[in-house]
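On a predicted model such as this, the values are computed, not experimentally measured, just so you know.
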Amino acid sequence: QFVEQGNPTSACSLPDGRIAIGSLTGGLAIVSADGSDVKVIDRAHGLPNQSIFQVSAGSDNTLWCAMPTHVAAIDTSQSREYWKIIDTPAENTNSVSTAGGKIWLATNDGAYRFVNGAIHRVGDGYFFDTIASESNVLFTTPGSIEELTGERLTTVLAGTSDIIHISAS
């Protein structure tokens with residue numbers, strides 16, 4: 001029911017086998033591996049809004065959720081999830097990814113690295129998405145390929161994008 005009504009935007013596996021599903025209008029669902037147990041976390045449970053643009057699981061059992069003006073860090077190792085809301089310096093947080101103990105944010109106002117409670121700007125401009133590995137981070141910017149070729153192109157990210165590479169070190 002959550003998937004049908006919430007307009008899912010992203011999903012990721014958690015270390016314990018559960019699946020986290022972010023949605024445009026229904027908040028976040030954490031679903032057991034067999035689908036029998038669904039826990040919904042939304043505005044009624046303390047999130048600042050219902051939109052979760054992207055979810056990313058960190059190696060430390062923290063689930064990172066990109067929301068329009070905030071990022072939520074949810075400790076999924078607890079029997080009762082605990083989360084904290086982190087204000088971002090950006091107008092809109094579009095994407096979050098985790099790698100090597102660092103959290104990367106793609107926003108309307110720039111690319112950021114969040115580590116040990118501090119946010120550092122690593123790039124200026126509008127960033128649509130981010131994907132991270134242990135040693136590399138890729139940020140995408142919408143529109144540039146279309147402007148260059150004069151044709152609308154569709155990528156895996158369902159938009160027109162250029163890829164910006166930033167070293168994770």
Side-chain angles (χ1 to χ4, degrees), residues 6-15 19-28 41 43 46-76 83-169:
N7 298 314
T9 55
S10 67
C12 69
S13 297
L14 299 175
I19 299 169
I21 304 170
S23 75
L24 193 59
T25 59
L28 172 74
I41 301 171
R43 182 177 274 162
L47 292 181
N49 63 59
Q50 297 288 89
S51 295
I52 307 287
F53 293 154
Q54 189 168 23
V55 293
S56 183
S59 58
D60 63 351
N61 291 314
T62 300
L63 174 66
W64 293 88
C65 303
M67 297 180 287
T69 57
H70 298 82
V71 173
I74 299 173
D75 181 354
T76 61
W83 60 86
K84 64 181 176 179
I85 305 301
I86 301 163
D87 289 328
T88 64
E91 179 181 317
N92 206 27
T93 303
N94 299 316
S95 178
V96 61
S97 62
T98 58
K102 297 178 180 122
I103 295 82
W104 301 92
L105 306 176
T107 76
N108 286 6
D109 301 327
Y112 295 88
R113 181 181 69 195
F114 181 79
V115 62
N116 296 327
I119 295 177
H120 307 279
R121 181 185 293 262
V122 295
D124 293 324
Y126 179 98
F127 292 93
F128 178 71
D129 204 352
T130 178
I131 303 166
S133 70
E134 291 301 314
S135 59
N136 294 296
V137 179
L138 298 178
F139 287 91
T140 62
T141 60
S144 299
I145 291 175
E146 182 177 349
E147 292 167 11
L148 180 65
T149 64
E151 297 180 24
R152 184 160 181 85
L153 303 176
T154 303
T155 68
V156 176
L157 300 169
T160 56
S161 304
D162 279 343
I163 296 177
I164 311 292
H165 171 264
I166 296 176
S167 173
S169 58

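- By the side chain to side chain donor-acceptor pair (under 3.5 Å) test, Thr107 is found to be paired with no residue, residues two or more places apart in sequence or in another chain being considered.
- For Ser95 (side chain) and Phe128 (main-chain N/O), no donor-acceptor pair under 3.5 Å exists by modelled atom type.
- Atom NE2 of His120 and atom OH of Tyr112 lie 12.0 Å apart (nearest 0.5 Å).
- No donor-acceptor pair under 3.5 Å is formed between the side chain of Arg113 and the backbone N or O of Trp104.
- Panel note: side chain Ser10, backbone Val55; a donor-acceptor pair is recorded below 3.5 Å.
- Between Ile103 and Leu105, some side-chain heavy-atom pair lies under the 4.5 Å cut-off.
- Contact between Gly27 and Ile52 at its shortest, heavy atoms only, is O-CG1, 3.4 Å.
- Considering all non-hydrogen atoms of both residues, Pro48 and Arg43 come closest at O-NH2, 3.1 Å.
- Atom OG1 of Thr76 sits about 6.5 Å away from atom CG of Leu63, to the nearest 0.5 Å.
- Thr93 is linked by a side chain to side chain donor-acceptor pair (under 3.5 Å) to Thr88, counting only residues two or more places apart in sequence or in another chain.
- Judged as a side chain to side chain contact (heavy atoms under 4.5 Å, CB included), and not counting sequence neighbours, the contacts of Ile19 are Ala11, Ile21.
- Rounding to the nearest 0.5 Å gives a distance of 10.5 Å between CG of Leu28 and CD of Gln50.
- Remark: Phe114 pairs with Trp64 by the ring pair (Phe, Tyr, Trp, His ring centres under 6.0 Å) rule, at least two apart or across chains.
- Residue Thr9 comes nearest to Phe53 through the heavy atom pair OG1-O, 3.4 Å, listed as atom of the first residue, atom of the second, then distance.
- Residues passing the salt bridge (Lys or Arg N to Asp or Glu O under 4.0 Å) test with Arg121, sequence neighbours excluded: Asp124.
- Here the closest non-hydrogen pair linking Ala57 and Leu14 is CB-CD2, 4.0 Å.
- Remark: Asp60 pairs with Thr62 by the side chain to side chain donor-acceptor pair (under 3.5 Å) rule, at least two apart or across chains.
- A distance of 8.0 Å separates OG1 in Thr130 from CD in Gln54, rounded to the nearest 0.5 Å.
- With rounding to the nearest 0.5 angstrom, the CG atom of Asn7 is 5.5 Å from the CG atom of Leu24.
- Contact record, Ser51 with Pro68: O-CD, 3.4 Å, taken as the closest heavy-atom pair.
- Remark: Leu47 CG to His70 NE2 distance equals 10.5 Å, nearest 0.5 Å.
- Under a 3.5 Å cut-off, the side chain of Asn94 and the backbone N or O of Phe127 do form a donor-acceptor pair.
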